[in-house]
Each structure stands twice: as structure tokens, then as C-alpha cells.
Amino acid sequence: MSTLEDRTRWEPAEAEARIFERWLESGLFHVEPDGTAEASFSIVIPPPNVTGALHMGHALNGSVQDCLIRYHRMLGKRTRWTLGTDHAGIATQTQVEKLLRSEGTSREEIGREAFVERVWKWREEYGGIIFKQFQRLGASCDYEQERFTLDEGYARAVLEVFVDLYDKGLIYRDNRIVNWDPGSRSAISDLEVEEREVTDTLFYVEYPLASGGGSLTVATVRPETMLADTAIAVHPGDARYTRLVGETAILPLVGRRLRIIADPYVRPEFGTGALKITPGHDPNDFEIGRAHGLEELVVIGEDGRMNAAAGERFAGMTALEARAAVVAELREQGAIARTEPYTHAVPHSHRSGERIEPLVSLQWFMEMKRLARPAIDAVLEGRLRVHPESQRKRYLDWLENIRPWCISRQLWWGHQIPVWYRGVETYVGTAPPEGDGWTQDPDVLDTWFSSGLWPFATLGWPDDTADLRAFYPTDVLSTARDILFLWVARMVMLGIELTGAVPFSDVINHSTILAPDGRRMSKSLGNGVDPIEMIDLHGADGTRFGLLAMSSTQDVRFSAEKVAQGRQLANKLFNASRLVLLRLPAGIELDGEPPQPTAVEDAWILSRLERAKADTARAIEAFEFHRAALGLYDFVYGELCDWYLEIVKPRLYADDNDAVARFALGVLADTVAIAHPVVPFVTEEVWSHIPGTDELLMGRAWPAADESRIDPGAEAEIARAIAAVQALRGWRDGIGAAPAAVLPARLEAEGYERTAAYVARLARCEWSAEAAEPAATVPVPGGSIAVLASDTLDLGAAARKLEQRRDWLDAEIARAEQRLSNAGFVGKAPAKVVQAERDK
RNA sequence: GGGCGCGUAGCUCAGUGGGAGAGCGCUCGCUUCACACGCGAGAGGUCGCAGGUUCGAAACCCGCCGCGCCCACCA
């Protein structure tokens, strides 16, 4: 490593790996379980898919969580960030199946056992890559223990929960209509379904009445499902059909007799006001069918093809083929009255993208209503806080309208359902039953069933472990809002039911990072930005800063410029530190005493630092990470570097600089400390060069704000000096004064007793006692500065500038006077504001 | 059909009642002893539109327009 003198730039590529290694070796990522959950701070990572690679969402969430973890670690909390991965049933199975296909085989061909083995092997190979990437980001997880939702202990927890909830009657098996995904050949839950606009044809089909007296016309977009019709429904109040209720219609092509029933669900104004009822293939019809005791016929099989029940003519066809065939036959019979195009929302599988085939099937369900109530109360009573507030309503609305959850999946990769069958017997238990002839249910549980146990199963539940006692309930759960229902709400429900505790006290729904083009980042669109590339380009600190800074609203476009801004901040911190450290006299080290100001600018920066400490802490605790990041930037650039360090340079370069060097060192130390949760690498690096610090910054105590050091007087004095410097610089630039020229001037303003020398140096002028007529007068707070004639000054330009200034001032005075003459303003506005106007 | 968010400088975004800000880009100037991945100075905004509340609105309220997202079983 080269010396600080030679390193004029912060080089993340060189430093970050080295620093991360020190963190890892320090053992600070891991803390022993001890004490109570109240005294600790713990986060469980939202488990990425085993197959996953780091994307921008992970990088943002990692930055958020690490910022929190580092902050609380510095606060002295016993800090645990538990990490692990999710077996991700469908996603993983799909990937491995794809691999098998490329090898010319399939899961059916090699069989279940070999397939599952293959997935495990695949997981060995690719799993956990994402945590190497997390390390690039600087994430201070407990890497010593990585959990997996299919670990032995975890699997045991899953099975015990199944048995427990089954015994409580919350889990049951039933023939119900489910969202069948022909793509993954499995049932999926309501949450895995997305609606897409589709234009279909609406067919008006005539069903003859059994009485022979005419026919009843129904409208349908799916004529092929008529083969499973078991009734026709009309609205009870629909006068057109009142006399037909209770009559019978004949199903064309099939000849089945259909009862004509009355049900308020039917909308009289849609189509003909008569609705064919197909309980086996339509969710609404299913409910109506259950209400009226109708038969549930299934004519489309799980392979998406018509089955034997569809009749010989149609069996084996795909649903689409069957539609064409049915329509053709109906036309032949003259049973289609008319058709019209019809655009509507149609459910598709979120995973496979295929159109959902609703069908009645024997599946396992979880009854959710009873579980939802306590999860609602937890939020209403403030035991669980949802951030931002707007997401709270979403959470509550969903839970208020919760429906049964289909938890069985027709997959091989996952937790196989712990139920065995023998003839009519059913056995439910965590271990296989005694005796011969039992076969286990082939289905596995929905991935979200096991991830719903994540905060406590990762800590050893259901055993009473030290981890559980020390770290559960956890504190914060940070996630993207698209899995608020899928995952978060279920963790809350299951956590309360199984452990008696809300599994975390705060839920953060962080922003969704969109691609620069405003669309979702996606592989297929090719508009994704790789966080690792960003880290390579701008460093982890820059990437973290950028992501946090851009994450204030619910959606945000990715902006590489914000990341570059973060890199600038890192570079600035590094170089500011060089200035202080390279001027540090031998023997001075950080002694733990608060910095002692010996000049007005010292008191000023100390005051600003106290505010920055408090603001940063407040922002992090309120989960307003953009405020934390941008606030640090403002402090470091706008106050520490642009002004404080510029003002004290001569003192730092003086021979007897002990006092100011010691002071600046203290300010620097606190600055890197409060910046550490946001930009951990560069701050750790700076820390390592501060004499008197043997330990890592990561493990240092957060510098608590001390409001007694806030000094409004010093703040006002320096603010005045800054304004004067800026006024003079602007004036100089306006008249084109030579940058290096030192202009003689007379200070004719109040309030510069302790800052006049700084103003002169920073604005490049020289105070003169000469009584000469000024060449120009520059207004500054508290008076003006008279610039005297000198050979470097262009008097014509100065005069023009002065003229402009006077016009502006006249306007200002007029405006202030107008305001002050307004009785309403003087009477009602706060005294401070009125006084400010008078001062003008 | 309901809900949520957004609309501020050319771009990406901060800013929740007292004279509009940042980063990037642009213009001009500067090898000033931490940093040229830098420093200084600028140009550039009827704060989506229209009402209202207020002494005072980018901000608070109402309506509209535009964009995005979520939820919803209407053939």
C-alpha cells in the first residue's frame, strides 16, 4: 500500500477488498446470542432465490439493511443480520428442467428422486453466488451461518407447522377451483396470477328449452367449457326470465338437462342476462354452483387438454382446438345467434406467462381469516409499523379481504406434504406412519409456506434456542413492496400464530428501481443495470450512496449520476482526511475527548457537526435513507470542505498547529463515523489512518449529538462571512477582475470582528485604512465593502456592475416596504419574519 | 370499478406555510500548498392546469389533465 501522500484519489477497486477482508477477520459480523431481543437489533435478509444473481433491487435492499445494521452496531446493540436463501420451488425447478431439456432429457424421464438430487447438485454449484456479491457491497451479514429453506432443521419446522395447523383445522384438503398454470403444470395461488388485457370473441349460444317452447341465449367467451355446464342462471329480479326459473334447458352438443336457476350474481344488463354455469371451470360459477348444490364437472385436464368427460369427439384436443370444434358444430346446428369482439382482463400465470386454466381440483388449503385478524390488530395497535404509511392501507385492505390459500403445488422441488394415504385412510404427521401400503402425497408446499416461517425458523424455532431468545422477534424487515402480501403479511400471520409474537416491529417497503427508460428492469427487455458493474465503475460506497439517495418515492428511475455523486463524496472524504492527517503533528492522536474549539470557525463547524449527527441519526431511524445520504453530502461538501477546511488551512499549515490539528482530527473522526453506515469503505480507510484508533470504525460507538455545542452565534457569524465572500467573488467575476489579483478594499460592515481576515483571504482582497473614494461598493450582510481603485481594476466594468446592483437593491427595498405596509403581514406573520424584512 | 404514487432547471431528483435547491449536462475563469473524479463564478424554472384557504402556497384543500403501479370473480 502506498502512502497517504501519494494517494490523491480514493481508489475503491484497490481498497474495498482489503477493507472487507479486515471486517471479515475481525469477527464483528457475528455476535454470540446473548441477552434479550429488546437489547439486540436483528434483521433477517429477505432470502433471495438460490438461483439468483444480484440485481438492483437486492443492491438497494442490501444498502438499506446494512445502513441500519451498521448504525445499530455503532449504537452498541447486539447486532445480527441473518442471511440465507430460498429454495424457490417453481423458479428453481423450471431452471433445472430447462437444463435437463438442453441435455435431451426431462424430469419425467429421470424420475423424482434423481431429479431432486440433480437440483441439490445444481444448488451446490450456483447457490450462494449472490452472497459473494453482497460482500462486494460491503454488507455486514453474519456470513458464518447461512440458512436455506430446505435445511434439515428448517424442513422439520415446516412439517411441524403443517401438522399443527392441520390439527387446528386451519389446513384442509378440498376439491375447489384453483388457478391451474398449464405452464408449470401446477396450481398456483391468487397472488401468483396477473391480469392481462385480451380481446376474445363473445359467442351468443342458444340453449333450447326442454319444454320445446323456444330457447334461451347465453353469452360466453369460452364455448369449450359449455361441455361442463350444469345450469343456467338469471337474475332473480329479471322479469324477462321469471317464468323460466325452475324450467330446464338442453345443453347443445351434449344433451344434458340444465336447471334454470336464479342468482343475484348475474348481471341482467350483460349479454342476454342469462349466464351459463360451469362450476368446474370458472371461479364465479364455482361459488354459484356450491350455493345451489350443482354438480362440478371437469372437462379440461391438468395437461390443458380435453379429457374423457368432454366426450369422444373432443377428448385429447387442446382447449383452443376444442373451442374451434365446438363453435363449428354449434354453427352447423345454427345454435350461434351472433358473435362480437370482447376485450377483458384475463388471468395469466405470473411465472410461466400462460393463460390460467381455472379448474376444480383436489388441493390443500389454508384457512386465513382467523390468522388475519391478529395481523390486522398488530398494525392497528401500532405493534407493527408499516413504512411508508401509504403501504399500510394496502396491507390492511388485503388482510380484510383475505381468501383461502392454496398451499399445494404439483412440483417435485420443495417440502413434500407430510400426509400419507392408504385406501380411504389419511395420516398426517411429521414422520411416515407405521405399517405397509402407505403412499405419501406427491405434492410439495407453496414456497411461500416455508418462507412464511423465515424470521423464526432461521433462528432455530421450534426449538427454544439461544438465537431465538437473543434475536427474536427481529426489528426491521426491509423488502420490495411487491411481496408485501406474498411474503410479509404471511410472516406476520404465521409468526403471531406460531410464536405468539409479531416477527418484526417495522416493515420498510423500499423503492422499486426502474430502468433509466422508466420501465421495469428486466432481462427480456435488456434494460437492466448490473450493480456489480456499478461497483466496479464507481465503488461500493458510491453505489450504496446513489441507491440510498435515489430511494425516496415508491418508484424511481435508476440514475448512474447519483452513484457518481456518491463516488465524489467518497473521494472528497478521502482527500479532506489527507489534508488533516498530513498536517497532523507527531504525537497527536484521537483521545476520546470532545474537540475543543479555539476559534469562531471551530465553534461553527462543531455546531454544524452536531446538527449533522442528529439529522443523520434521525433520518436513519425514520428510514429516510435519502435524507441521510444527501444530508451527509451537504455537510461534507457545503460546510466541512468548502468552508471550514478552507478557512483553517493557514492555521493547519502554521508551525504551532497543535490545537487546530487536534480539533480538526476530532471533527474528522466524528464525520467519518456518522458517514460510515452509508459509505463504510472509505470511512473505514480514513479511520485506519487516524492515530490513536486501533479498532475498526465499524465497531466504534456512534458519536452521540450534544445539543449544548450548538452555537447559533458562531453559525450566524460564519454565515455572514460566507455570504460576504460569495458577494465579493461574484462581483469580481462580473467585472472580470484577474483571479489572482489582490484588491485593496475597505470593510464598512458590522459583524466581521472575528472573520474579516478570512473574508479577505477567501475573496482575495486586502483591507485598507485609506480614506480614498471607492471605485465600487459591494453590498454584504451588515453593510458593504468598498473596493478601492487599483491598477488591476477595470473601473468601467465596476461601474456597470454597481449600477445593476443598485437597481436590484431598489427593487428589494420596494418589495420589503410593500410587505411591511401590509397590515395583515405585520399583524399576523411571526415577529422573526417581520424583523427580517425590517432589517432590509 | 377501487386504492396508491408521481408531475419542480435540458436530464435524474431533493424540498410538508415566510424570497426556488442538488448532482449531471452547459457557459466563463482557475496547474490557489487535500482533491482537475478538483476549485470559483454563471446561464437556465409562469414548481402540470384551474379554483380555494392564508397576510403569505411549490408545499394545505377541491376539481381537472398526463404518467406509473397495486388491488378487483362480472360471462
Side-chain angles (χ1 to χ4, degrees), chain A residues 4 8-10 177 190 195 202-203 218-222 225 233 265-267 270-272 274-278 282-288 342 344-345 347 358 388 390-391 393-394 397-398 401 481-482 484-485 512 514 516 518-520 538 542 546 549-550 552-568 570-583 626-627 630-631 633-634 637-638 641-642 645-646 649 652-653 725-726 729-734 736 738-740 762 764 812 815-816 819 822-830 832-834 836-837:
Chain A
L4 220 44
T8 59
R9 274 186 214 164
W10 170 241
I177 193 133
D190 295 333
E195 306 284 330
L202 187 61
F203 297 90
V218 302
T220 179
V221 290
R222 302 203 56 196
T225 65
Y265 167 77
V266 183
R267 289 192 317 161
F270 188 93
T272 61
L275 175 63
K276 74 190 212 34
I277 301 298
T278 319
D282 183 282
N284 308 309
D285 295 7
F286 178 82
E287 294 302 328
I288 295 171
Y342 181 60
H344 61 149
S390 59
Q391 295 301 312
K393 188 174 161 48
R394 266 183 85 217
D397 284 352
W398 185 73
N401 300 302
R481 62 178 189 285
D482 54 0
L484 185 62
F485 311 145
T512 301
L514 302 175
R519 295 185 294 179
R520 267 191 115 73
H538 298 296
M550 70 179 88
S552 57
T553 51
Q554 66 177 30
D555 289 329
V556 68
R557 293 184 190 206
F558 181 79
S559 127
E561 288 76 23
K562 271 277 180 296
V563 174
Q565 189 182 350
R567 182 194 56 189
Q568 288 180 338
N571 190 56
K572 200 70 173 171
L573 274 170
F574 181 70
N575 275 296
S577 307
R578 289 179 61 230
L579 171 61
V580 174
L581 294 169
L582 295 175
R583 296 307 310 160
H626 69 288
R627 269 186 43 211
L630 295 171
Y633 186 95
D634 285 344
Y637 260 79
C641 294
D642 286 353
L645 292 179
E646 291 304 330
K649 256 183 201 173
L652 277 175
Y653 277 91
V725 170
Q726 287 175 327
R729 281 174 175 172
W731 177 83
R732 288 178 62 119
D733 214 62
L762 295 176
R764 293 198 175 242
E812 271 299 280
R815 208 186 55 78
R819 269 186 109 171
N822 179 334
F825 174 74
V826 178
K828 295 185 183 177
K832 208 172 78 182
V833 179
V834 176
E837 291 295 330

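Residue numbers begin at 1 in each chain, while the letters A, B, ... track the order of the sequences.
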Aromatic plane relationship, A/Tyr342 with A/His344 - under 30° parallel, 30 to 60° tilted, over 60° perpendicular: tilted
Whole-angstrom distance between B/rA20 and B/rC26, as gauged at atom P: 28 Å
Residue met sooner reading RNA chain B from 5', once A/Ala576 and A/Phe485 are mapped to nucleotides: A/Ala576
Sugar-phosphate only, base, or nothing, as touched by A/Arg481 at under 4.0 Å among non-hydrogen atoms: sugar-phosphate
Sugar-phosphate, base or nothing in reach of A/Asp642, heavy atoms under 4.0 Å: sugar-phosphate
Rounded distance (Å) that lies between atom P of B/rC70 and atom CG of A/Asn401: 18 Å
Residues that A/Ala274 engages under side chain to side chain contact (heavy atoms under 4.5 Å, CB included), provided they are two or more places apart: A/Leu216, A/Val218, A/Ile232, A/Val234, A/Tyr241, A/Thr272
Along RNA chain B (nearest heavy atom to each residue), the more 5'-positioned of A/Cys641 and A/Gly518: A/Cys641
A/Lys276 NZ to B/rC74 P, straight-line distance once rounded to whole Å: 16 Å
Contact check, side chains of A/Val580 and A/Leu645, non-hydrogen atoms, under 4.5 Å: yes
With A/Gln554 via side chain to side chain contact (heavy atoms under 4.5 Å, CB included) - residues at least two apart: A/Gln391, A/Arg481
Touch class at under 4.0 angstrom, heavy-atom based, for A/Phe574 against every strand present: nothing
Non-neighbouring partners of A/Asp634 that pass side chain to side chain contact (heavy atoms under 4.5 Å, CB included), sequence neighbours left out: none
Residue matched to B/rG38 through Watson-Crick or wobble contacts both under 3.5 angstrom: B/rC30
By ring-ring contact (aromatic ring centres under 6.0 Å, His included) - contacts of A/Phe574 (at least two apart): A/Trp10
Separation of the C1' atoms in B/rC13 and B/rG5, to the nearest angstrom: 15 Å
Nucleotide B/rC74, atom P - distance to CZ of A/Phe270 in whole Å: 11 Å
Contact letters for nucleotides 4-14 of chain B, in which S counts primed atoms plus P, OP1 and OP2 and B counts the base, heavy atoms under 4.0 Å: BSS-----BSS
Contacts of A/Glu646 that satisfy salt bridge (charged side-chain N to carboxylate O under 4.0 Å, His left out) - sequence neighbours left out: A/Lys649
Pairwise P distance, B/rG25 and B/rC39 [rounded to whole Å]: 13 Å
Complement of B/rG44, any strand, by Watson-Crick or G-U distances under 3.5 angstrom: none
Nearest-angstrom distance, P atom, B/rG48 to B/rG10: 13 Å
Integer angstrom distance from the C1' of B/rG56 to that of B/rA41: 33 Å
Partners meeting side chain to side chain donor-acceptor pair (under 3.5 Å) with A/Lys572 (sequence neighbours left out): none
Nearest-Å distance for atom pair NZ/C1', residues A/Lys649 and B/rC33: 8 Å
Interface polar pairs with nucleotides 26-29 of chain B, N/O, under 3.5 angstrom:
none

A/Tyr265: partners by ring-ring contact (aromatic ring centres under 6.0 Å, His included), with sequence neighbours left out: none
Between B/rC74 (C1') and A/Ile288 (CD1): distance, integer Å: 10 Å
Flag, side chain of A/Arg9 to backbone of A/Asn571, donor-acceptor distance under 3.5 Å: no
Under the side chain to side chain donor-acceptor pair (under 3.5 Å) test, residues paired with A/Lys276 that sit two or more places apart: A/Thr225, A/Asp229, A/Thr278
Residue matched to B/rA20 through Watson-Crick or wobble contacts both under 3.5 angstrom: none
Separation between the P atoms of B/rC49 and B/rG42, rounded to whole Å: 28 Å
Residues that A/Phe485 engages under side chain to side chain contact (heavy atoms under 4.5 Å, CB included), provided they are two or more places apart: A/Leu191, A/Arg394, A/Trp398
Separation between the C1' atoms of B/rG68 and B/rC60, rounded to whole Å: 25 Å
Atom-pair distance (CG on A/Leu484; C1' on B/rC69), nearest Å: 14 Å
Interatomic distance where CZ belongs to A/Phe286 and C1' belongs to B/rC73 [whole Å]: 13 Å
P-based separation of B/rU46 from B/rC6 [nearest Å]: 23 Å
Any N/O pairs under 3.5 Å between the protein and nucleotides 36-38 of chain B? List them or say none.
{"residue": "B/rC37", "atom": "OP1", "partner": "A/Arg9", "partner atom": "NH2", "Å": "3.4"}
{"residue": "B/rC37", "atom": "O2'", "partner": "A/Asn571", "partner atom": "ND2", "Å": "3.2"}
{"residue": "B/rC37", "atom": "O2", "partner": "A/Arg567", "partner atom": "NE", "Å": "3.3"}
{"residue": "B/rC37", "atom": "N4", "partner": "A/Arg9", "partner atom": "NE", "Å": "3.3"}
{"residue": "B/rC37", "atom": "N4", "partner": "A/Arg9", "partner atom": "NH1", "Å": "2.5"}
{"residue": "B/rG38", "atom": "O3'", "partner": "A/Lys572", "partner atom": "NZ", "Å": "3.2"}

Strand partner of B/rC4, provided both Watson-Crick or wobble distances fall under 3.5 Å: B/rG68
Touch class at under 4.0 angstrom, heavy-atom based, for A/Val580 against every strand present: nothing
Nearest atoms (heavy-atom pairs only) where A/Ala549 meets A/His626: O-CB, 3.5 Å
Smallest separation among heavy atoms of A/Arg578 and A/Thr8, with atom names: NH1-CA, 3.5 Å
Between P of B/rC30 and CD of A/Glu646, the distance in whole Å: 19 Å
Closest nucleotide among B/rC74, B/rU32, B/rA75 to the A/Arg267 side chain: B/rC74
